[in-house]
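Heads up, the thing below is written out as structure tokens.
Starting from 1, each residue takes its place in the sequence as its number. Everything quoted here is computed from the prediction, not taken from an experiment.
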Amino acid sequence: MADCKLLGLFLAIIGFLGSIITCVLPMWRVTPFIRSKIVTAQAIHEGLWVSCVVQSTSQKQCKGYDSMLALPQELQASRALIIITILLGFFGILFGVVGYSCSNCMMDQRQNSNVTIASGVIIIIAGVLLLIPVTWTSHIINQNSYNPSPQRRELGSSLYHRLGLCRTSFFITLVQY
């Protein structure tokens, strides 16, 4: 049982770190843009916090968003949900460490198991909250992909990583029980 708890705690830490990394990366929405008359190609990478233009010469220019109020509604909600997810993941890991059977914080075995169950529930909630902005953003991108716009957005790699992290956090809770 202690090995399963240790594995769950290890996977929770990996998911937590991956969540932070993909939150910071500007690869939520990618807009490939190739001009027909000019040889250089550009790609626009949009994240939660910055927007970057990447030239074909590997030069990258990033700029933070000018106004919080000018952002799309799904981006504002995604920012809030991701921050809440990271905080819940931190507390889930903290409770998991406290509830681990080798810790001497609590001597009663029942208290250890209750704290471990609370850790699993918190990690489940963090996984669901992580899944909401990913699916919402993916839905918006897929819905707008049918517009014949020259700057059509595509799913970025951060969205794919987040879906994998959601699966990992759900697997963690199965392992802990």
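Using a 4.5 Å heavy-atom threshold, the side chains of M68 and R79 count as touching. Taking the side chain as every heavy atom from C-beta outward, W49 and C23 approach each other to under 4.5 Å. H45 places a side-chain heavy atom less than 4.5 Å from the side chain of V54. Here the side chains of I123 and S119 are in contact, with some heavy-atom distance below 4.5 Å. Contact of the E46 side chain with the W28 side chain is not registered, since no non-hydrogen atoms from C-beta on lie closer than 4.5 Å.
Linking Ile, Leu, Val, Met, Phe, Trp and Tyr residues whenever their side-chain heavy atoms come within less than 4.5 Å leaves I84 and W136 in two separate clusters. Hydrophobic clustering (ILVMFWY, side-chain heavy atoms < 4.5 Å, transitive): I13 and I82 are in one cluster.
Annotation: the span from L25 atom CG to I20 atom CD1 amounts to 12.0 Å, rounded to 0.5 Å. Here the OG-NZ distance, from S51 to K63, works out to 8.0 Å after rounding to the nearest 0.5 Å. Here the CG atom belonging to L48 is positioned 10.5 Å from the CG atom belonging to L81, to the nearest 0.5 angstrom.
A distance-only check finds a donor-acceptor pair linking the side chain of T137 to the backbone of P133 [under 3.5 Å].
The minimum heavy-atom distance linking V50 with P26 is given by the pair CG2-CB, 3.7 Å.
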